[in-house]
Amino acid sequence: MLQVSFLRQNKEIAKQKLAIKHFANLDLVDTVIAMDDERKQLQASFDEMQAKVNAASKEIGGLMAKGEKEQAENLKNEVAGLKTQLDPLKIKMAEVELQLQNTIVQFPNLPHDLVPKGKTPEENELVKQGGETPTLYAGAQAHWDLISKYNLVDFETGSKITGSGFPLYIGKGAKFQRALVQYFLDFNIAAGYTEYLPPFMVNEASAFATGQLPDKEGQMYHATADNFYLIPTAEVPVTNIYRDVVLKETELPLQMTAYSPCFRREAGSFGKDVRGLNRVHQFEKVEIIQIVHPDKSDEVLNEMVAHVEKLLVSLGLQYRILRLCGGDMGFASAITYDFEVYSAAQDRWLEVSSVSNFQSYQTYRMKCRFKDAAGKIQFAHSLNGSSLALPRIFAAIVENYQTEVGIALPKVLQPYFGAENLV
RNA sequence: AGAGAGGUGUCCGAGUGGUUUAAGGAGCACGCUUGGAAAGCGUGUAUACGGCAACGUAUCGGGGGUUCGAAUCCCUUCCUCUCUGCCA
């Protein structure tokens with residue numbers, strides 16, 4: 001959530017930056033400032049009147065104690081008159097505040113200076129490419145054929161149990177998921193992250209704090225009987241650990257990692273994007289999350305990008321890093337780097353990680369602050385990234401490591417899987 | 001799921017309608033004291049909004065109500081603990 005005070009002081013800059021995010025209604029900036037002016041004015045008159053009521057009430061208390069009943073009664077009537085003016089003011093103030101709140105949440109985060117202009121994924125900026133293009137034998141297959149050939153994942157039975165997009169992993173396929181989760185967590189822990197195993201459902205307040213509500217309600221599964229949402233990513237429960245918290249500066253940076261299943265309704269996807277494991281409603285992911293000093297978030301973002309890169313290198317996958325353009329970025333992010341791995345069998349790049357700096361957008365929304373050395377309260381910055389999402393990594397390894405006789409494994413995974421080959 | 005007891009500041013804890021401007025204690029910070037430390041003494045120690053400031057307003061789990069006035073009374077909701085039930 002953006003702060004009105006910031007918009008007030010940087011009106012033109014804010015508009016320019018919102019335009020990079022392709023936010024259509026730039027006049028809303030002026031609207032919000034006008035609403036805030038009205039709010040201030042109402043609050044000032046309300047406070048003044050309430051102060052009178054408070055003072056009079058205290059006086060009544062004193063008169064009652066002294067037994068001067070008649071005077072007390074007179075004063076009571078006077079205050080009752082004030083109250084009739086106070087009540088409508090109170091209602092109006094609540095209205096204006098709600099309206100202001102509902103309006104300001106419509107603003108996406110402002111993009112970082114490094115974010116390229118552009119609207120479509122084609123306009124993302126290639127930052128780096130690494131690893132080697134795998135050479136496959138003639139007759140190599142895509143993962144959807146391989147997993148059925150070796151009986152690793154059964155989509156039909158998953159559909160029978162739940163619906164399409166809920167894969168059923170079987171035997172070595174299931175064990176491989178477990179091995180990947182374990183490897184990713186260990187890799188993150190070794191880099192200084194603390195492991196959490198969070199709840200997989202969250203309440204409304206948590207979903208609001210990280211920006212899933214009110215906008216993206218339709219993208220989450222909603223357990224209406226209890227009004228809980230199935231998490232679309234571990235970012236939601238883990239970041240919310242620090243909702244409504246004032247940290248000490250010395251506690252920063254907070255580095256957290258968590259495994260969780262992720263549930264996404266993904267309305268409106270179609271075609272080859274959804275084939276096999278490319279897009280599913282339930283998948284496994286290991287996430288990294290940091291809460292840091294605002295002066296450090298640029299630097300930490302680069303560290304997180306380097307961390308994920310190292311992880312992909314260790315898996316021997318060809319990868320590229322993209323800096324997302326304004327139009328392709330998420331709502332709450334100030335800057336995002338996407339990682340894609342190359343699938344030779346599909347001849348396409350698959351997104352496996354997204355690392356973002358949210359700056360104070362989430363922390364302001366969830367009131368996660370810290371007290372600096374001077375004793376001043378400031379909003380921290382939050383960042384997160386996948387390290388890593390499993391299905392497409394699974395797909396890429398299965399495809400790129402296939403041989404005529406089976407599927408090999410990257411060296412680092414062999415001890416986790418307990419064999420040299422997947423099949 | 002049922003019955004009961006609770007939720008007060010960084011923590012413990014008093015407070016059953018009006019000097020509560022939330023007692024008292026602990027912790028923490030600073031100062032005095034000391035050769036140094038401890039003890040002792042003194043001062044300070046929540047957040048948000050408005051205001052140049054003085055200060056004002058709000059907040060005793062959340063929301064709503066009664067009242068001139070609510071931490072205190074009423075309604076509602078969430079959470080914690082104890083017992084019972086059910087369950088991996």
Side-chain angles (χ1 to χ4, degrees), chain A residues 1-9 32-105 197-209 213 222-229 237 240-252 261 360 362-380:
Chain A
M1 193 155 70
L2 299 179
Q3 300 181 43
V4 186
S5 57
F6 178 87
L7 292 177
R8 207 181 266 283
Q9 285 159 31
V32 157
I33 292 170
M35 282 177 178
D36 193 46
D37 286 338
E38 193 185 357
R39 197 205 97 242
K40 279 189 193 187
Q41 204 198 324
L42 285 168
Q43 167 132 27
S45 5
F46 176 84
D47 284 359
E48 195 188 333
M49 213 175 283
Q50 184 70 52
K52 278 187 201 162
V53 171
N54 287 348
S57 295
K58 194 175 274 183
E59 208 180 324
I60 291 170
L63 291 170
M64 299 284 271
K66 276 188 263 171
E68 295 180 35
K69 276 206 172 149
E70 202 175 313
Q71 278 196 41
E73 281 306 318
N74 288 341
L75 207 49
K76 264 194 202 183
N77 291 334
E78 208 173 297
V79 178
L82 275 178
K83 287 264 289 182
T84 58
Q85 297 171 53
L86 204 57
D87 285 341
L89 200 55
K90 198 168 158 185
I91 291 163
K92 181 74 186 158
M93 201 163 75
E95 262 172 34
V96 170
E97 255 165 39
L98 183 68
Q99 198 182 23
L100 178 62
Q101 174 78 6
N102 288 342
T103 310
I104 201 159
V105 295
L197 184 63
F200 299 151
M201 298 178 111
V202 295
N203 58 27
E204 243 178 286
S206 294
F208 177 82
L213 292 179
H222 189 190
T224 52
D226 296 289
N227 199 22
F228 293 153
Y229 293 87
N240 269 283
I241 294 169
Y242 292 99
R243 168 154 54 86
D244 292 320
V245 169
V246 181
L247 294 153
K248 293 183 193 123
E249 188 169 0
T250 50
E251 290 178 81
L252 302 176
S360 60
Q362 289 181 329
T363 52
Y364 179 60
R365 216 168 152 114
M366 74 169 99
K367 303 201 173 5
C368 170
R369 295 156 294 175
F370 72 97
K371 197 171 256 185
D372 67 20
K376 208 181 131 212
I377 303 274
Q378 291 190 48
F379 288 97

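Naming convention: chains lettered A, B, ... in sequence-line order (proteins, then strands); numbering from 1 in each chain. Quick caveat: nothing in here was measured; it's all calculated off a predicted structure.
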Taking atom [atom1] in both [N] and [M], compute the distance separating them and give it to the nearest angstrom.
| N | M | atom1 | answer |
| --- | --- | --- | --- |
| B:G27 | B:C75 | P | 41 Å |
| B:A29 | B:A38 | P | 10 Å |
| B:U10 | B:A23 | P | 14 Å |

Where each pair must be Watson-Crick or G-U wobble with both distances under 3.5 Å, what dot-bracket representation of RNA chain B is obtained, with crossing pairs in [ ] and other-strand partners as |? ((((((((.[[[..)..(.....]]]((((((.......))))))(((((....))))).[[[[[..)....]]]]])))))))....

Check the distance between B:C68's C1' and A:Gln85's CD and give it to me in whole angstrom.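 So the CD-C1' distance, A:Gln85 to B:C68, works out to 15 Å.
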
Please classify the nucleic acid contact of A:Lys371 as base, sugar-phosphate, or nothing, using heavy-atom distances under 4.0 Å.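 Contact class for A:Lys371: sugar-phosphate only.
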
A:Ala51 near the nucleic acid: base, sugar-phosphate alone, or nothing, with a heavy-atom cut-off under 4.0 Å?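 Sugar-phosphate contact only - A:Ala51 comes under 4.0 Å of backbone atoms but never of a base.
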
Residue whose closest nucleotide on RNA chain B lies nearer the 5' end, A:Arg39 versus A:Lys90: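 Going by which nucleotide is closer to the 5' end, it is A:Arg39.
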
Nearest heavy atom decides the nucleotide; on that basis, is A:Ala55 or A:Asn77 closer to the 5' end of RNA chain B?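 Taking each residue's closest nucleotide, the earlier one in sequence belongs to A:Ala55.
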
Stepwise salt bridge (charged side-chain N to carboxylate O under 4.0 Å, His left out) test for A:Lys52 and A:Asp47: CA-CA 9 Å; A:Lys52 278 187 201 162; A:Asp47 284 359; over 6 Å; no

I'd like a list of close polar pairs between nucleotides 58-60 of chain B and the protein, N/O only, cut-off under 3.5 Å.
none

Distance only, no hydrogens: is a donor on one side chain within 3.5 Å (strictly under) of an acceptor on the other, for A:Asn54 and A:Ser57?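 Result is no, nothing qualifies.
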
Between A:Asp37 and A:Lys40, is there a side-chain N and carboxylate O pair less than 4.0 Å apart?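 Looking at A:Asp37 and A:Lys40, the cut-off is not met.
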
